[in-house]
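To start, the structure under review is shown below, and the notes come after it.
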Amino acid sequence: MIDVDDVLESAQLKNEKVREYVRYWAGITDPDNIEVVSGADDARLIQESLDAGEIAPAGEGLYYSRSYYKDTARSEERTIVATSNPADKGVYNNWRPAAEMKAKLTGLMRGASAGKTMYVIPYLMAPPGSPLEKYAAGVQLTDNRSVVLHMIRMARVNVEHINNLEDPGSFVRAVHVTGDLENLGQGTPEDKRYFVTVADERTILHFGSSYGGNALLGKIAHGLRQSSYDGWRSGVFLGEQFMLLGIVDKQTGKRYHICGGFPSASGKTNLAMMLAPDALGDRYYVEFYGDDIAWLWVTEDGRLYGMNPEFGVFGVARDTNETTNPTAMDSIAPGTRAIFTNVAYNVKTHEVWWEGRTPEPPADLDGWLDWKGNPIADRSAVEADDPWAHPNSRFTTTLSNVPNVASDYADAHGVPIDAIIFGGRTRDREPLIRAITDVAEGVYDGLTLGAEATFAAEGVDGQLRYDPMSMRPFMSYPEGPYAAHWLDVINRAVERPIFAHVNWFQRDPEDGHFLWPGYRENLRALLWLMQLKNGEVAGVETPVGILPAKDELNLDGLQIDPADLDTLLTIDTARWQQEMGFRERHLAQFPGLPEEIWAAHRRVSAALHD
Ligand code: GTP
Ligand code: SPV
Ligand code: MN
């Protein structure tokens, strides 16, 4: 028998409510050992994981990890939001009764950590001192050391974050049990995995994975699902799957902050980390704040503020290279202590590789294993073209490793938000950028974000679907109240942000090439948006927003086919009229949608038919 109190006492864990929680769950999961961790334990835990063969060296101060081959992405089907109030059921939150889910998960977790160590991870999803700090404290329990290594990179981990809570019981209880990954029936009718957020009890119970959003509970279970629920219930803030960046105009000294939602694997990390194109680099500088989550609130002086609650980046590896994202490459350079997951690995040279890292895979196959751990050299003819890395393979690194991280990224006050943008992978219809000045129309635009789904979730890749505000997989309460809460928070701001819809993914219908070069060049669209907000350009009014006039977009140093540019800056009215019918059906699913949203929909529809 472990003396839980002894362990917690010697780890300086003083909060009696936390102790009670650890004792309770240790009694259920029945681990052999308990260990309280903090960020300072990283070097020791890395060494233990290397010694145990759970991770492998990938260069100086770099590490490689592989998850079970049926456990490589979020499972949307197995993810549930539970509460005790049936009125919390929405279209996307997969609502179930709290009592039923707690009983189910307790059953699955009972005795399931036997023979293992239970790590106690006290964390904070906010910079210390943040006005939203009271929603940010949590304690994850996990029986998986790799999960600990990832959590240390993705969240601020230290007992001091939970020892002196104003309300000692106000931490999120986040219990993770890995389960027997080889016998969980992933993706079959007998699937045993359950990823449950009991939102009205601020309790997260995840069973049956050691991967990403299924297992790093501070990140999206707390940082998005729980936080958006808390933000709504308190009326205080929004918790969204948003990137957050700053643009510095060195000529005028002005600074802008833009946040925005793009569905999973649709460009948030790339956008937030971008460097200005070379031709614009003398004047503009882009600062990185966050790539996946932003919490937004309005201060007493009436400004919308935003902050990134995370401490690190869990970024898509595919197509990350010196050209597409040089800052990401720097953030995973030797010495950064980055961890690569499910990429290809060379057991002899300790190199890693993924599709798009270089145009061609390494020519010498000696030592190379694919993401499942199978030697590439032994592949049969049918397997020859299989990807080396899993499409959702990722790198994990801390924010401070990103070379263009903003100097004030950890500032407790957050930053004032000038613009909110939405975008996704849309192969037609959506122009490069359309600006929206009306708040209800901006919120309406977010709610009708339609895009191709990606490999970041199991089994949905390529499907066209609506993904409101890019929150579909993370929605915790019904869509009607969600829209109302959005309007309420944004309208509280005296100085309103401008909205915009962007699309870097429009394609040529004939040969499929991307019409817009994307990546660093995306800054050009954002600069136009800031000029529009400042009244320096007028743009062209269309039924779906204001588009840049062709001569307003700064194209210095950019080669682009004039015909492609024409398509990027025009509206296909017939295609949009058809879209309005789809939107009508999409919105009709949501009871209680505010009248302002329907009014915005009718205004856009009417304008398209004029
Ligand atoms: P999550 O972490 O899953 O929430 O995703 P994310 O939105 O941060 O996605 P990320 O920025 O990692 O982008 C994923 C994929 O989109 C990568 O394969 C990128 O190479 C590709 N991508 C990003 N920006 C662009 C762009 O401007 N143009 C094109 N064509 N592809 C892009
Ligand atoms: C996403 O899927 O949107 C991610 C990665 O950002 S995960 O943390 O796995 O959710
Ligand atoms: Mn994400």
Side-chain angles (χ1 to χ4, degrees), residues 67 71-76 79 147 150-151 153-155 195 206 209-225 240-245 260-274 277 288 290-294 308 310 312-321 323-325 327-329 341-342 354-357 387 389-396 421-427 432 451-458 460-461 467 469-474 502-507 512-526:
S67 67
D71 183 32
T72 56
R74 278 184 294 101
S75 166
E76 295 186 358
T79 301
V147 168
H150 283 83
M151 275 297 287
R153 283 155 183 73
M154 296 306 297
F195 308 121
H206 279 210
S209 171
S210 71
Y211 187 79
N214 298 336
L216 314 176
L217 304 189
K219 186 174 173 49
I220 60 178
H222 181 167
L224 287 175
R225 290 191 195 95
E240 304 293 322
Q241 190 195 201
F242 279 9
M243 63 87 214
L244 175 55
L245 61 80
F262 301 64
S264 299
S266 299
K268 291 183 299 299
T269 305
N270 279 268
L271 191 68
M273 287 191 183
M274 84 185 144
F288 174 79
D291 77 321
D292 202 43
I293 305 180
N308 171 15
E310 300 197 86
V313 174
F314 185 58
V316 174
R318 177 135 113 187
D319 286 332
T320 303
N321 60 52
T323 309
T324 57
N325 197 347
T327 39
M329 294 304 289
T341 306
N342 295 340
W354 51 84
E355 274 63 28
R357 176 166 191 172
H390 189 280
N392 192 38
S393 57
R394 300 218 171 211
F395 58 83
T396 309
I421 64 177
F422 299 109
R425 293 174 181 264
T426 316
R427 56 180 61 234
L432 180 66
E452 292 153 40
T454 65
F455 39 74
E458 295 172 348
V460 295
D461 194 10
D467 188 341
M469 313 277 191
S470 73
M471 283 292 281
R472 177 176 173 141
F474 314 113
V502 300
N503 182 21
W504 325 132
F505 298 91
Q506 198 172 159
R507 289 177 187 255
H513 79 268
F514 289 109
L515 300 186
W516 177 249
Y519 300 105
R520 297 166 69 169
E521 311 302 341
N522 297 337
L523 180 63
R524 298 174 192 272
L526 301 185

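Atoms within each ligand, like the ligands themselves, are counted from 1 in listed order.
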Where ligand 1 meets [X] - atom numbers and elements under 4.0 angstrom, heavy-atom basis:
X    : answer
V316 : 12 (O)
A265 : 1 (P), 3 (O), 4 (O), 5 (O), 6 (P), 7 (O), 9 (O), 13 (O), 14 (C), 15 (C), 16 (O)
Q241 : 4 (O)
K268 : 1 (P), 4 (O), 5 (O), 6 (P), 7 (O), 8 (O), 9 (O), 11 (O)
P263 : 7 (O)

Q: Determine the minimum heavy-atom distance between T454 and S266, stating which atoms define it.
A: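 Heavy atoms only, the tightest pair is CG2-OG, 3.9 Å.
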Which residue and heavy atom of the protein sit nearest [atom], plus the separation:
atom                    : value
atom 6 (O) of ligand 2  : D292 OD2, 3.0 Å
atom 9 (O) of ligand 1  : G267 N, 3.1 Å
atom 2 (O) of ligand 2  : R74 NE, 2.8 Å
atom 4 (C) of ligand 2  : R394 NH1, 3.7 Å
atom 18 (O) of ligand 1 : R318 O, 3.0 Å
atom 8 (O) of ligand 2  : K219 CE, 3.1 Å

Q. Got an N/O contact under 3.5 Å between Q241 and ligand 2?
A.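 Looking only at distances, the answer is yes, because the N/O contact criterion of under 3.5 Å is met.
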Q. Got an N/O contact under 3.5 Å between G213 and ligand 2?
A.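 It does: an N or O of G213 is found under 3.5 Å from an N or O of ligand 2.
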(Q) If I apply the N/O under 3.5 Å rule, does F514 come out as touching ligand 1? (A) no
Q) For T320 and ligand 1, does the shortest N/O to N/O distance drop below 3.5 Å? A)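 No: no nitrogen or oxygen of T320 is under 3.5 Å from one in ligand 1.
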**Q.** Flag for N392-R394: side-chain donor and acceptor within less than 3.5 Å
**A.**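 Side chains of R394 and N392: pair found under 3.5 Å.
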I'd like to know whether ligand 1 has [X] as a neighbour, heavy-atom separation below 4.0 Å.
X    : value
R394 : yes
T324 : no
R425 : yes
G315 : no

(Q) Side chain, backbone, both or neither: which applies to S266 and ligand 1 if a contact is any heavy-atom pair less than 4.0 Å apart? (A)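 Answer for S266: backbone.
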Q | Salt bridge R74-E458, side-chain N to carboxylate O under 4.0 Å | A | no
Q: Give me the protein N, O or S atoms that fall under 2.8 Å of the Mn ion (ligand 3), sorted by chain and residue number.
A: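 N, O, S partners closer than 2.8 Å: Q241 OE1, D292 OD1.
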Q: Would you tell me which option among S264, A456, P473 has the nearest heavy-atom contact to atom 3 (O) of ligand 2?
A: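 Looking at heavy atoms only, S264 sits closest to atom 3 (O) of ligand 2.
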Q. Nearest 0.5 Å, what's the CZ-CZ distance between R507 and R427?
A.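 Answer for the CZ-CZ pair, R507 versus R427, is 5.0 Å.
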Q: If the plane angle is over 60° it's perpendicular, under 30° parallel, otherwise tilted; pick one for H150 and F314.
A: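 Judged by the thresholds at 30° and 60°, the geometry between H150 and F314 is perpendicular.
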Q.
Evaluate R357 against D319 for salt bridge (charged side-chain N to carboxylate O under 4.0 Å, His left out), listing each step before the verdict.
A. CA-CA 6 Å; R357 176 166 191 172; D319 286 332; over 6 Å; no
